[in-house]
Amino acid sequence: MLEASNLECVRGERRLFAGVSFRLEGGEMLYLQGQNGSGKTSLLRMLCGLTPAVSGEIRWRGEAIGKLGEEFRSELCYLGHQNAIKEELTPLENLLSAARMAQESLDEDAALDALDRVGLSGRADLACRYLSQGQKRRAALARLVHEKRALWILDEPYVALDPAAGKFVASLVGAHLQRGGLALLTTHQAVAIPAGTVRELSLGADAAAHRRS
Amino acid sequence: MLEASNLECVRGERRLFAGVSFRLEGGEMLYLQGQNGSGKTSLLRMLCGLTPAVSGEIRWRGEAIGKLGEEFRSELCYLGHQNAIKEELTPLENLLSAARMAQESLDEDAALDALDRVGLSGRADLACRYLSQGQKRRAALARLVHEKRALWILDEPYVALDPAAGKFVASLVGAHLQRGGLALLTTHQAVAIPAGTVRELSLGADAAAHRRS
Amino acid sequence: MHWNSLADFLAMGNHGLYVWGSVLMMALLMLAEPILLRHGRKKLVARLRRQYRAERSEARRNSQANPGRSKD
Amino acid sequence: MSNRVINWFRYASPQTFYPLAGQLIPWFWALAALFGALGLTIGFLLAPTDAQQGEGYRIIFLHVPASWMSMFIYLVMAFWAATGLAFNTRLSGMMASALAPTGALFAFLSLWTGALWGKPMWGAWWVWDARLTSELILLFLYIGFIALQAAIDDPRRADKAGAILALVGVVNIPIIYFSVKWWNTLHQGASVSLTKAPSMAAMMLWGMLFCALACWMYSIAVALTRVRTIMLERERHTDWVRALLADKE
Amino acid sequence: MLRLLRAVISRDLRLAMRRQADIVAAMFFFIIVVSLFPLGVGPEPAQLRRLAPGVLWVAALLASMLSLPRLFADDHRDGTLEQLALAPQPLGLIVLAKVIAHWLVAGLPLVLLAPVLGIQFDLGADALVVLMLSLLLGTPALSGIGAIGAALTLGVRGGGVLLSLLVLPLYIPVLIFGAGAVDATVSGLGPQAHLSLLGALALGGVFFAPWPTAAALRVALE
Amino acid sequence: MLRLLRAVISRDLRLAMRRQADIVAAMFFFIIVVSLFPLGVGPEPAQLRRLAPGVLWVAALLASMLSLPRLFADDHRDGTLEQLALAPQPLGLIVLAKVIAHWLVAGLPLVLLAPVLGIQFDLGADALVVLMLSLLLGTPALSGIGAIGAALTLGVRGGGVLLSLLVLPLYIPVLIFGAGAVDATVSGLGPQAHLSLLGALALGGVFFAPWPTAAALRVALE
Ligand code: HEM
Ligand SMILES: Nc1ncnc2c1ncn2[C@@H]1O[C@H](COP(=O)(O)OP(=O)(O)OP(=O)(O)O)[C@@H](O)[C@H]1O
Ligand SMILES: Nc1ncnc2c1ncn2[C@@H]1O[C@H](COP(=O)(O)OP(=O)(O)OP(=O)(O)O)[C@@H](O)[C@H]1O
Ligand SMILES: [Mg+2]
Ligand SMILES: [Mg+2]
């Protein structure tokens, strides 16, 4: 379903990677690895269509994502280093307004349920700015609980989470894969995904060494 | 050297913890544990003197830190969730200006050496805003390389770091303890500290359950 | 008494609009403030009572659910 | 010595202040009503017509007390702010925030009655006179204080920030007043002179005095009422508030 | 489509309410700037009356401009903007909604407040009406044009001041027609011509501006 | 102590340089606001000459205020402010350094630019000199007073506009004496009295203001 061929990324005067190709089908997850600064985030943003690739092509269901445009974006769920939550709003409001702006239907009960499951039930009505670092991340990740879109792109979802919360997120991804979804994920903390096929891709120095050998 | 007795922390309408006491001597590290939102960050900020405690006392070398004021702060090195680096400046400039504002002497060679050791040698002259998430954290941590102050308070230093960088930071903390320094550290990623005595303290629900049993 | 008639009093020597405008605004605001305060206070008390009641019933439920645990 | 300090702090604690204020409030209301009735009777029924201004001058019985209160309340507010910063008592911050809206109210009333007086007397709702301008600025200072406190939702932080602002403001008020005064008198001669009040009959003086006293009592009553509400809100987790509200059930 | 507009507008309004300060403070900035002028130029009423249209309009323009930097910056910083850009709807529509919300928060209050301030400058009743009308037509144009500038300076550090540099020249036509309308009324000419030009600018600003804005936002996210 | 001042100032200046936009744009804001006025009020030279002191001073005040929100906000957001508060030196000194840096970036350029703009308003040579002098004395006071407001509104969302609400009333004496000095020169009186009062305000603003500012910063960090 998602196919990348020969992607190249140049930042400033530095070529981060070139010739990156992979293919991902439903129920599969790509686990993107690499040192700090090897270009994982850059690759994910490229796959979302936020940054144009210097060369290479990205196809979704056989068509270039640039052409698909809104059609592609309506199947995509991206979570970056930033949490994309508003500090003034409560977790509940954040969740609801994010859903409404993405034109998804999410009623209040479902949202409360999602918050409950990420462990924020006591904080649903507290402005996010008072939350702890990990609680903010949880508020952002609550979007995934009822997320039905096919392609999940998650950039270091486990950051700041305690181990229990990390495991819960991994189970969400697992369930998504089992439903036939696709996922791309980076992380420096190994958390086992309980279901689906996990494929790996390494970027950066180690990858180059790999290819050279 | 650092002694906390009966600390209590209230945030909004919530009592995060009460009756927290501990004593830390030179060469010892306190590893603060607890779920997201259990009050680790709040405790560390209290120990720095940034937030006043609702009740309880904090003593450094036998005197209340509120009274010591600048004397205490000149022995303290704090690294929070935020990196405290300027996105417009290069890692080198950040490091030098941080040292100068803390009235430490750090010459350019030492700074370059520190950046080299955290793996930013190629990026010393690139504005921090272009760095990857993990590289930014490394730039912030570079301060620790030549840091000689007695008390280190580190709030989740390993976040966003790749395993190699995490290990390096752990070795820095280990060396600090061996020199007779004190450290307080929180993290959700277990990284072994290679030297010194590590003591643990748990906050939050688990801790309460602990005390009750 | 300085006035001859009520009409005189109201006319205020042709300055009635200004004088009574002042009086009215002053009276209005100085009455409104205590009324609003009273109202706000009532709402607050009702809210707090509701909250306390909810807390108490929750505590009761908890202690029924696991009677062995002491209330903390 | 230590006894005195303890006593002081005892009354500064919300728990003891709350019932005390509750007992005092009705008395202040009664006094306000009494003085108000006296002042208005004298001012509007008994006082003679002014030679120059006709009946319009009767606005003075509202205008001057409102102006005085608006300035005085700011001073009191700053006093509470200072004690709050110095002694870290909870009551001080609450008093300061309880006074601000009333101060703003009187500042507004001073402007309003002044404007309504100005139209017949000077032919304009507004002129850029020193006293008028500094009253306007005073209103801004009040509003700034209220807006700042409203924008910070942790009450302890709001108190401290408000206190700093109030103190800075109180240093500035005389500077502002004299600068404005000088500015205006340099620009134009005394085409409008407020400095010389019309030589007032004793009757007028008494009327003004009683009206001013009524405003005083009103302010105290309202501020005490408001501070009681603020106390309940802020101390809602304490046992004494719980007990208090449970009693009345 | 309307649902999307409503969702974005209601979110932005709720954020503004939550910040409270915003709405009140934009108005007070307006009030205070207007009141500063007499302090700067002196209190003679005749002179003030002649200055009134210019001062009121310049102040309205500055007040509406002052809240521009935050139009997208907050969303950019916390990652919400990425999410909006990845939403399945055209980004232009989302921008349109944000422009409308900005006007409701930073434009409409000025319109309602203007007559009170006009009195301080001794303006007559008909001039006050035209002043309100001109602001009612002009402020949406300001919000629309401002959005382009806000998007262009997004992520550019020091953008706040750069923004005003970009936007002020584009505001000038609005200012000229706006102040002109009031001026024409004060001096006895009809304000119709000025007002209809202002209306055209407003339509252009609100319905044309979102598209370049959306393009600029995409560039800022690259 | 001097070393600390130098360290903070040089860091802030370097940041300003790096952002480039900042310095240039504060100046351009000044220029543009000053140039907007003739557009708003009409071009008669006699009237303009009378307006000049007021308009120039109000514009300078707004320009200097516009960069205030960022005085501490950037440091707050990225955690640098915590570090500064934990530095072994009194926070007031650090604030003093930041006030000086702010003046160098947002005040000094206005002083240098003012005469050029004054010429546009047909001011005479002595008035231009007094204009510069008054700005030279007045802008440090603006930076100092502004710092208090910036610290008080720190971390308060919607702070930018709230800031202007808090700070503008406190700016009024500076404005009056500043514009008054130029006005007095234009109308043939001596500006000495105004200027010496302005100097007193500047001293007060620079050396008194850092302490409440530091207190407010500590409150914001709690
Ligand atoms: C919006 C307009 C006005 C404002 C803001 C205003 C403000 C004030 C203030 C602040 C005071 C108390 C000052 C002091 O005691 O030193 C005051 C007192 C007074 N005002 Fe006004 N005023 C306004 C209009 C007027 C007008 C139109 C008149 C009469 C023609 C007037 C007559 C007086 C008098 C007689 C006093 C008492 C003077 C004294 O006790 O020294 N005011 N006003
Ligand atoms: N203008 C530039 N000049 C040189 N290098 C640049 C420039 N912009 C970005 N880079 C480099 O590009 C890389 C961006 O990496 P990216 O953010 O994709 O890393 P990442 O793999 O996500 O790392 P992390 O694990 O730390 O999140 C970094 O190494 C950064 O130093
Ligand atoms: N105004 C408030 N009302 C209620 N709760 C609050 C308020 N402000 C903060 N809190 C709570 O206080 C706690 C702060 O926790 P803190 O940031 O110290 O957690 P932490 O242990 O560092 O967590 P993490 O591992 O996620 O970093 C959070 O649980 C937060 O929800
Ligand atoms: Mg990354
Ligand atoms: Mg934390």
Side-chain angles (χ1 to χ4, degrees), chain D residues 74 78 81-82 84-86 88 93 104 107 128 130 132-188, chain F residues 50 53-54 57 141 144-149 151-181 183-184 187 189-191 193-194 197-198 200-201 204-205 208-209 211-222:
Chain D
Y74 198 93
L85 282 184
N88 203 15
W128 290 92
L132 278 60
T133 310
S134 39
E135 184 74 19
L136 182 67
I137 296 167
L138 183 65
L139 179 64
F140 290 153
L141 287 175
Y142 274 122
I143 290 169
F145 180 89
I146 296 170
L148 180 66
Q149 290 216 318
I152 304 176
D153 21 31
D154 176 21
R156 264 179 313 160
R157 250 194 78 183
D159 277 350
K160 287 188 196 163
I164 295 170
L165 179 66
L167 287 178
V168 171
V170 97
V171 173
N172 260 277
I173 282 184
I175 303 180
I176 292 173
Y177 180 73
F178 285 109
S179 67
V180 171
K181 191 166 172 166
W182 202 20
W183 159 72
N184 195 353
T185 46
L186 275 185
H187 262 272
Q188 61 173 68
Chain F
R50 225 162 336 118
W57 252 97
I145 298 170
I148 304 180
L152 283 173
T153 54
L154 191 63
V156 177
R157 289 308 170 116
V161 202
L162 183 59
L163 171 59
S164 42
L165 172 59
L166 296 185
V167 153
L168 279 175
L170 302 181
Y171 274 180
I172 286 176
V174 184
L175 171 66
I176 287 178
F177 293 133
D183 224 36
S187 50
L189 309 165
H194 283 105
L197 281 168
L198 214 50
L201 285 180
F208 163 73
W211 307 102
T213 308
L217 286 179
R218 291 220 182 268
V219 172
L221 280 177
E222 262 184 19

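Naming: A, B, ... by sequence-line order, numbering from 1 per chain.
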In terms of heavy-atom pairs under 4.5 Å with chain F, the winner among G144(D), A163(D), G162(D), G169(D) is G144(D)

Over all heavy atoms of both residues, which pair between S179(D) and I176(F) is shortest? Give the atoms and the distance, please.
O-CG2, 3.6 Å

If you compare all heavy atoms of P173(F) against all heavy atoms of N172(D), which two are closest, and at what distance to 0.1 Å?
CG-OD1, 4.4 Å

Compare every heavy atom of V156(F) with every heavy atom of R157(D), then report the nearest pair and how far apart it is.
NH2-CG2, 4.2 Å

Taking side-chain hydrogen bond (donor to acceptor under 3.5 Å, both in side chains) as the cut-off, I'd like each qualifying pair that reaches into residues 211-222 of chain F, sequence neighbours left out, listed once.
K160(D)-E222(F)

Heavy-atom closest contact (L165(F) atom, A147(D) atom, distance)
CD2-CB, 4.0 Å

Are any non-hydrogen side-chain atoms of I175(D) and L201(F) less than 4.5 angstrom apart?
yes

Side chains of L170(F) and L141(D): does their closest heavy-atom pair fall under 4.5 Å?
yes

So, the part of L217(F) with a heavy atom under 4.5 Å from chain D: the answer is neither

Distance col, row L166(F):CG vs F140(D):CZ, nearest 0.5 angstrom, shows 12.5 Å

Most heavy-atom pairs under 4.5 Å with chain D, out of L152(F), L197(F), L168(F), belong to L152(F)

Tell me, for A220(F) versus chain D, whether the close heavy atoms (under 4.5 Å) come from the side chain, the backbone, both or neither.
both

Chain D contact via L175(F) - which portion, at a heavy-atom distance below 4.5 Å:
neither

Taking every heavy-atom pair that is under 4.5 Å apart, which of L85(D), I152(D), L165(D) has the most such pairs with chain F?
L165(D)

Note: A161(D) and V219(F) closest approach over all heavy atoms is N-CG1, 4.3 Å

Sorted by chain and number, sequence neighbours left out, ring-ring contact (aromatic ring centres under 6.0 Å, His included) with Y142(D) holds for Y74(D)

